[in-house]
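One-based numbering along the sequence shown.
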Amino acid sequence: MTIQAPFVSQEMEIEKDWIDYNGHLNMAYYNVIFDRGSDGALELLGVGADYARDRKLTIYTAEVHICYVRELHLGDKVTVSFQLIDHDEKRLRAYQEIRHVDGWLAATSETLSLHIDMSGPKVASFPEDIQAQVDGMAAAHATLPVPERAGRSIGIKRKNG
């Protein structure tokens, strides 16, 4: 199987119900777009909807950091990239970008996700077959540079004096 580096989602269009009173995409729907954009990457890893239903194992988001770079408006078309930037036997750290179809950056997201045994629910190691898929994507994505916006934290920069 060939793994895109980074994985890029299918094109999505900004919907009417997602527009706020300021006339642009409401901040909550950036999360929706990032979530939908990651679905294809998670399917490639074997941890999509069928995995949860059939094996009672799934992925939960533990932490997310979004940066809003440029406004999106009704009818704009976007894609979402997904880059696996770190992992271990129970966790995935991914970096995503929402890009307008014209190429400009609208938002970034960095996510830490946990592999969950739904019988607990509790954090659990990936099964061997899934770990192999994760390792394969990690190897493909290791050829990419670490994104400049990855690892950012929130703070107020103060001027000295």
Side-chain angles (χ1 to χ4, degrees), residues 1-54 57-88 90-116 126 129-154:
M1 168 178 64
T2 302
I3 298 174
Q4 282 180 293
F7 172 85
V8 179
S9 74
Q10 294 182 353
E11 191 175 286
M12 294 175 259
E13 185 172 340
I14 305 306
E15 300 179 18
K16 181 178 183 255
D17 292 341
W18 298 355
I19 302 301
D20 65 17
Y21 57 81
N22 293 312
H24 60 244
L25 183 64
N26 178 278
M27 63 183 274
Y29 291 98
Y30 285 85
N31 275 313
V32 170
I33 294 168
F34 280 122
D35 190 52
R36 288 182 181 178
S38 68
D39 284 345
L42 295 178
E43 286 292 333
L44 271 179
L45 291 174
V47 294
D50 292 345
Y51 183 68
R53 184 191 66 234
D54 299 342
L57 299 166
T58 194
I59 299 293
Y60 282 7
T61 300
E63 184 175 345
V64 65
H65 183 142
I66 294 178
C67 292
Y68 305 95
V69 178
R70 186 168 167 186
E71 293 178 359
L72 289 167
H73 298 92
L74 180 63
D76 282 348
K77 293 182 176 142
V78 299
T79 59
V80 178
S81 63
F82 179 100
Q83 180 178 347
L84 185 60
I85 55 176
D86 199 3
H87 74 288
D88 64 15
K90 298 177 182 179
R91 298 174 293 185
L92 304 173
R93 179 177 165 216
Y95 174 82
Q96 294 178 273
E97 293 183 342
I98 297 174
R99 288 200 173 266
H100 190 276
V101 292
D102 289 342
W104 50 265
L105 181 64
T108 65
S109 175
E110 189 171 353
T111 307
L112 180 65
S113 300
L114 306 175
H115 184 255
I116 301 293
F126 293 109
D129 61 320
I130 300 301
Q131 187 68 58
Q133 294 291 95
V134 170
D135 291 343
M137 181 177 280
H141 290 191
T143 64
L144 299 168
V146 174
E148 179 184 329
R149 290 178 162 269
R152 295 173 66 119
S153 63
I154 296 174

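Val64 approaches Ser109 most closely through the heavy-atom pair CG2-OG, 3.3 Å. The shortest non-hydrogen separation linking Gln83 to His141 is CA-ND1, 3.5 Å. Closest of all the heavy-atom pairs between Tyr51 and Leu57 is CD2-O, 3.1 Å. In terms of heavy-atom proximity, Pro6 sits nearest to Leu144 at N-CD1, 3.5 Å. Heavy-atom minimum distance, Ile85 versus Glu110: CD1-OE2, 3.8 Å. The two residues Gly23 and Ile19 come nearest to each other via the heavy atoms C-CG2, 3.6 Å.
Annotation: the span from His87 atom NE2 to Leu92 atom CG amounts to 8.0 Å, rounded to 0.5 Å. If you take CD on Gln131 and CG on Asp88, they are separated by 8.0 Å, rounding to the nearest 0.5 Å. In this structure, CG in Leu45 is found 11.5 Å from CG in Asp129, a value given to the nearest 0.5 Å. A distance of 7.0 Å separates NE2 of His65 from OG1 of Thr108, quoted to the nearest 0.5 Å. Here the straight-line distance linking atom CZ of Arg93 with atom CG of Leu84 works out to 10.0 Å at 0.5 Å rounding. Rounded to the nearest 0.5 Å, atoms CG (Leu105) and NE2 (His100) are 12.5 Å apart.
Between Ile98 and Leu72, some side-chain heavy-atom pair lies under the 4.5 Å cut-off. You'll find the side chain of Asn22 stays beyond 4.5 Å of the side chain of Glu71, heavy atoms only. A heavy-atom distance below 4.5 Å is found between the side chains of Ile33 and Ile14. Between Arg36 and Val80 there is no side-chain heavy-atom pair separated by less than 4.5 Å.
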Worksheet item: Where do Gln133 and Leu44 land on the side chain to side chain contact (heavy atoms under 4.5 Å, CB included) test, with the steps shown first?
Response: CA-CA 8 Å; Gln133 294 291 95; Leu44 271 179; 5.9 Å; no
Worksheet item: Does the side chain to side chain contact (heavy atoms under 4.5 Å, CB included) test come out yes or no for Arg91 and Leu112, once each step is laid out?
Response: CA-CA 7 Å; Arg91 298 174 293 185; Leu112 180 65; 4.2 Å; yes
Item to complete: Tell me, with the steps shown, if Val69 and Arg149 meet side chain to side chain contact (heavy atoms under 4.5 Å, CB included).
Response: CA-CA 11 Å; Val69 178; Arg149 290 178 162 269; 3.8 Å; yes
Worksheet item: So Leu25 and Asp76, side chain to side chain contact (heavy atoms under 4.5 Å, CB included) or not? Walk me through it.
Response: CA-CA 10 Å; Leu25 183 64; Asp76 282 348; over 6 Å; no
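Annotation: ring pair (Phe, Tyr, Trp, His ring centres under 6.0 Å) contacts involving residues 12-32, sequence neighbours excluded, comprise Trp18-Tyr29, Tyr30-Tyr68.
No donor-acceptor distance shorter than 3.5 angstrom exists from the side chain of Ser9 to the backbone of Gly37, with no hydrogens or angles considered. Judged by distance alone, the side chain of Gln96 and the main-chain N or O of Phe34 form a donor-acceptor pair under 3.5 Å. Side chain of Glu43 to main chain of Ala49: a donor-acceptor pair is present (N/O by atom type, distance under 3.5 Å, no hydrogens or angles).
At a threshold of 4.0 Å, the pair Arg53-Asp50 counts as salt-bridged, since one of the basic side-chain nitrogens sits closer than that to a carboxylate oxygen.
Surrounding CD of Glu11 are more than 12 heavy atoms belonging to other residues, nucleotides or ligands, all under 6.0 Å away.
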